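Working notes for the structure below.
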Amino acid sequence: MKDYLKKYWTSLCVMIGMAIFLTACGGGDGGEESSAETDTTGNEENGSQEGTIGEKHSFKLGVITPPDHMWHQAAEKFKEELEANSDGRMTLEIYPSGQLGNESDMLQQIESGSLDFGFITAAEISSREEAFSAWFTPYLFETIKDAHEARKSDVAQEMLTTLDSYGMKGLDYLFAGQRVMLFKDKEVKSPADMEGLVLRVTPSPPMLEFYNSTGASTEGIPLPEVYSAVQTGVIDGMDMDLDATITNKFFEVVDYGAVTNHMVWPSVAVVNADIFSGLPEEDQQTIKDSLETAADYAVNTRFDQEEEFKQTLSDEGMTIYDLDKEAFSKQIQNFDKIYKGKDPLIEKFITEFRE
Ligand code: BEZ
């Protein structure tokens, strides 16, 4: 063989050999054919945080409320959007009614990665990060649409980032109706009428602070135990939203509903941080967009249901009446003073949104 032909065949063989070697080492384009293995959280075993494009994912989401509550409907909307926007590649199974345990259990499952997503009340989340208490500042927002807009503010987004240190990522907020007050057998018109009553409040410090300042005694009872507590006379009334008053049939055991709308009631959409960061950016964006559509759907639907819900409860025999902000001006001042001093994010939040 001529010299130049020998050189040509030798370099051709070297090039083919290198190409085979690089392919075997996973030096491809990182697409579906990537040989890097994924563990159960979607993280690549080589330590990279970037997930594989085009991979299938089946997620689980837990929520405390029953299927006819707005948060469950929002979860259904999230599922529908996620599955449609990913052409069925990402799927979601929803576990409502606390099937996976109470909110504290679900939060632990998300932190450990045994549950992917949760819609968890800001009240429960504030047990991790006090800043979330800011959402329970009394009479800060006139309507849930105002609160829905406020969730985009820098301060509300900053709050979400505080969850990073718990192995979770806070993605968004979803609103159900505002809080109202239900009383078993007394038409309460002012804080003075609340003195001596035992009222159920979600076991969350800012909510307890507000009620204790009215002169009522408070019991921190989780949602599933409230019906029997009021039925058996352990409590004289409760802090609730109209949605849960209907879905939990509290109208069977209380006679009076004061529509105070004194606090908004967000749930926080959270995801396990490793699971989320193990996804490629485009899947992360699909999740965020799908959640945003679900959050818009929830607030708009719920906003339009206000009068219908009041009517439903009147039809069930309850006396439903409005009770204005002015009745609670002392309690509002007291709350702002105490909570502004608790955390810089709370101070920023109250200062930004108090009119
Ligand atoms: C509550 O604890 O009052 C509650 C929790 C979730 C949804 C609605 C109400």
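Ligands are counted one by one from 1 in listed order, and the atoms in each one are counted from 1 as well. The structure displayed is predicted, hence computed values, not measured ones.
Ring centroid separation for the pair His262 and Phe210 comes in under the 6.0 Å cut-off.
The environment of NZ in Lys186 is crowded: more than 12 heavy-atom neighbours from other residues, nucleotides or ligands sit within 6.0 Å.
The only member of Glu124, Arg179, Glu103 that meets side chain to side chain contact (heavy atoms under 4.5 Å, CB included) when paired with Thr202 is Arg179. Of the options Phe349, Tyr339, Trp265, a ring pair (Phe, Tyr, Trp, His ring centres under 6.0 Å) to Trp135 is made by Phe349 and by none of the others.
Atoms of ligand 1 lying under 4.0 Å from at least one heavy atom of Arg179, given by number and element, are 1 (C), 3 (O), 9 (C). Listed by number with element, the atoms of ligand 1 under 4.0 angstrom from any heavy atom of Asp241 are 8 (C). Under a 4.0 Å criterion applied to the non-hydrogen atoms of Ile64, ligand 1 contributes the atoms 6 (C). Against a heavy-atom cut-off of under 4.0 Å, Thr202 is close to the following atoms of ligand 1: 1 (C), 2 (O), 3 (O). Each of the atoms 6 (C), 7 (C) of ligand 1 lies under 4.0 Å from some heavy atom of Trp71. Residue Met240 approaches ligand 1 through these ligand atoms, each under 4.0 Å from one of its heavy atoms: 3 (O).
Summary of contacts: the protein heavy atom closest to atom 7 (C) of ligand 1 is Thr65 CG2, 3.3 Å. Given atom 8 (C) of ligand 1, the protein heavy atom at minimum distance is Trp265 NE1, 3.3 Å.
The backbone N or O of Glu282 sits less than 3.5 Å from a side-chain atom of Thr286, completing a donor-acceptor pair.
The aromatic rings of Phe353 and Phe141 are tilted relative to each other, their planes meeting at an angle between 30° and 60°. Relative ring orientation between Phe132 and Tyr173 is described as tilted, the plane-to-plane angle lying within the 30° to 60° band.
Of the listed options Glu103, Arg200, Glu225, Glu124, Arg200 places a heavy atom closest to atom 2 (O) of ligand 1.
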